[in-house]
Amino acid sequence: MRRRKSGELAPLARDREAMQCPEAGKPIIKVNHCQKYVYSFGVPRRCPLCGQDVGSRRLEEAPVSISEPFTNGHREKCSFLLRPTRGTFLREYDGRSDLHVGITNTGGVVYNYTVHGVQRDEVGWEQSVSVPLLRPGLFGLLDQWDKYLEDFSATGAWLPHRYEEDHHNCYSYALAFINCVLATEGEEQLDRDEFTEKFVVPRTRKASKYITLYRAIEERGFYVTDPPGP
């Protein structure tokens with residue numbers, strides 16, 4: 001997908017097969033001190049602003065763990081996944097690198113389309129952005145999901161020679177499968193822009209902010225912001 005939208009991490013359609021080297025990130029902790037929010041890896045003994053001991057005398061000053069927007073995709077069932085084509089989000093990803101996408105079955109195997117056809121990855125998606133695809137009204141699909149995904153992947157549309165980097169790629173494959181399931185259930189189908197804007201962009205915006213915060217802490221040892229107003 002060439003056109004990049006505000007808040008989106010990167011073009012989503014250009015993908016070349018690459019093996020991801022998973023690397024877990026350090027947990028980010030937020031501490032309220034000196035009327036500031038101080039972010040760091042772990043709870044600091046002393047405030048980096050005033051040098052005093054960081055104590056939680058009040059509930060609002062207690063350290064808070066910041067939830068990571070990434071997940072082990074192999075533990076996600078019936079989900080749409082995104083990861084960098086090469087490397088990981090927290091290390092190599094620069095905001096302009098290509099992303100690769102796939103669909104998980106109920107066992108966490110990631111089906112994804114590349115120049116080699118449909119791949120079924122059991123490793124390599126350990127640091128992914130995940131979009132769950134089964135809303136409550138579609139939970140009845142759980143028993144049929146794997147068969148749908150396997151049958152869909154076996155069609156001639158996803159043979160290796162049909163692959164085109166810009167127009168018939170990993171994103172085309174994933175969205176086509178989602179729409180195939182929706183059509184089977186009598187649901188309205190989604191076009192590329194609608195799916196991206198509604199389901200992908202909110203999660204990639206959150207991921208982008210987390211990556212910026214993570215790297216700032218890596219560089220300085222901590223990161224400070226003002227608390228929101230009342």
Side-chain angles (χ1 to χ4, degrees), residues 4-12 14-16 18-76 79-102 108 110 121 123-132 199-230:
R4 185 175 176 183
K5 298 186 177 182
S6 174
E8 204 168 309
L9 283 177
L12 294 173
R14 297 180 59 207
D15 54 288
R16 300 178 184 89
M19 192 68 180
Q20 186 181 18
C21 179
E23 182 176 343
K26 306 168 190 173
I28 296 178
I29 303 296
K30 179 184 74 174
V31 174
N32 189 351
H33 207 267
C34 294
Q35 298 183 330
K36 302 283 186 181
Y37 284 161
V38 180
Y39 298 86
S40 60
F41 297 134
V43 181
R45 279 190 54 205
R46 297 181 181 276
C47 173
L49 301 177
C50 68
Q52 295 182 4
D53 287 343
V54 175
S56 352
R57 290 181 292 274
R58 297 182 299 169
L59 180 61
E60 58 267 29
E61 294 178 350
V64 175
S65 177
I66 304 301
S67 61
E68 186 174 320
F70 310 115
T71 183
N72 183 341
H74 299 291
R75 296 177 182 171
E76 302 292 321
S79 296
F80 173 94
L81 301 181
L82 305 92
R83 67 162 173 81
T85 301
R86 287 179 172 78
T88 66
F89 278 114
L90 292 177
R91 290 297 176 195
E92 294 81 6
Y93 188 71
D94 63 3
R96 298 179 300 275
S97 307
D98 297 335
L99 292 176
H100 191 45
V101 306
V110 185
D121 296 341
V123 295
W125 297 75
E126 287 80 3
Q127 192 181 100
S128 303
V129 171
S130 175
V131 180
F199 298 103
V200 178
V201 169
R203 288 169 172 81
T204 55
R205 281 195 182 125
K206 182 179 179 181
S208 182
K209 291 178 181 178
Y210 189 91
I211 292 169
T212 300
L213 175 62
Y214 190 94
R215 291 178 180 170
I217 297 172
E218 276 195 319
E219 182 180 345
R220 308 182 188 104
F222 62 94
Y223 186 76
V224 179
T225 64
D226 293 318

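- Of all heavy-atom pairs between Val31 and Val54, the closest is CG1-CG1, 3.4 Å.
- Judged by distance alone, with hydrogens and angles left aside, the side-chain atoms of Thr212 form a donor-acceptor pair with the main-chain N or O of Ser208 at under 3.5 Å.
- Separating the OH atom in Tyr214 from the CD1 atom in Ile66 is a distance of 14.0 Å, to the nearest 0.5 Å.
- Gly51 approaches Arg46 most closely through the heavy-atom pair O-NH1, 3.2 Å.
- Taken to the nearest 0.5 Å, the SG atom of Cys50 stands 11.5 Å off from the CD atom of Gln35.
- From Asp94, atom CG reaches atom CD1 of Ile211 across 10.0 Å, with rounding to the nearest 0.5 Å.
- Here the CG atom belonging to Asp121 is positioned 6.5 Å from the NE2 atom belonging to His74, to the nearest 0.5 angstrom.
- In this structure, OG on Ser40 lies 9.0 Å from CD1 on Ile28, to the nearest 0.5 angstrom.
- For the pair Ser79 and Ser130, the minimum side-chain heavy-atom distance is below 4.5 Å.
- Counted by atom type alone, Glu76 and Thr71 present one or more donor-acceptor pairs between their side chains at under 3.5 Å.
- Looking at Glu219, its side chain never comes within 3.5 Å of a backbone N or O of Ile217 through a donor-acceptor pair.
- Once rounded to the nearest 0.5 Å, the distance linking OH of Tyr93 with OG1 of Thr88 reads 12.0 Å.
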Margin query: Using side-chain contact (heavy atoms from CB on, under 4.5 Å), reason through Tyr37 and Asn32 one step at a time and then give a plain yes or no.
Written below: CA-CA 5 Å; Tyr37 284 161; Asn32 189 351; 4.0 Å; yes
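- Atom CZ of Arg215 sits in a crowded spot, with more than 12 heavy atoms from other residues, nucleotides or ligands closer than 6.0 Å.
- The number of heavy atoms from other shown groups lying within 6.0 Å of OH (Tyr223) does not exceed 12.
- The two residues Phe89 and Leu82 make their nearest non-hydrogen contact at CE1-O, 3.6 Å.
- Closest heavy-atom contact between Ile29 and Pro63: CG2-CB, 3.7 Å.
- Contact record, Val129 with Arg203: CG1-CB, 3.7 Å, taken as the closest heavy-atom pair.
- Pairs engaging residues 27-45 under the salt bridge (charged side-chain N to carboxylate O under 4.0 Å, His left out) rule: Lys36-Asp226 [sequence neighbours left out].
- Side chain of Arg83 to backbone of Gln127: no donor-acceptor contact under 3.5 angstrom is found.
- Considering all non-hydrogen atoms of both residues, Val38 and Pro48 come closest at CG1-CG, 3.7 Å.
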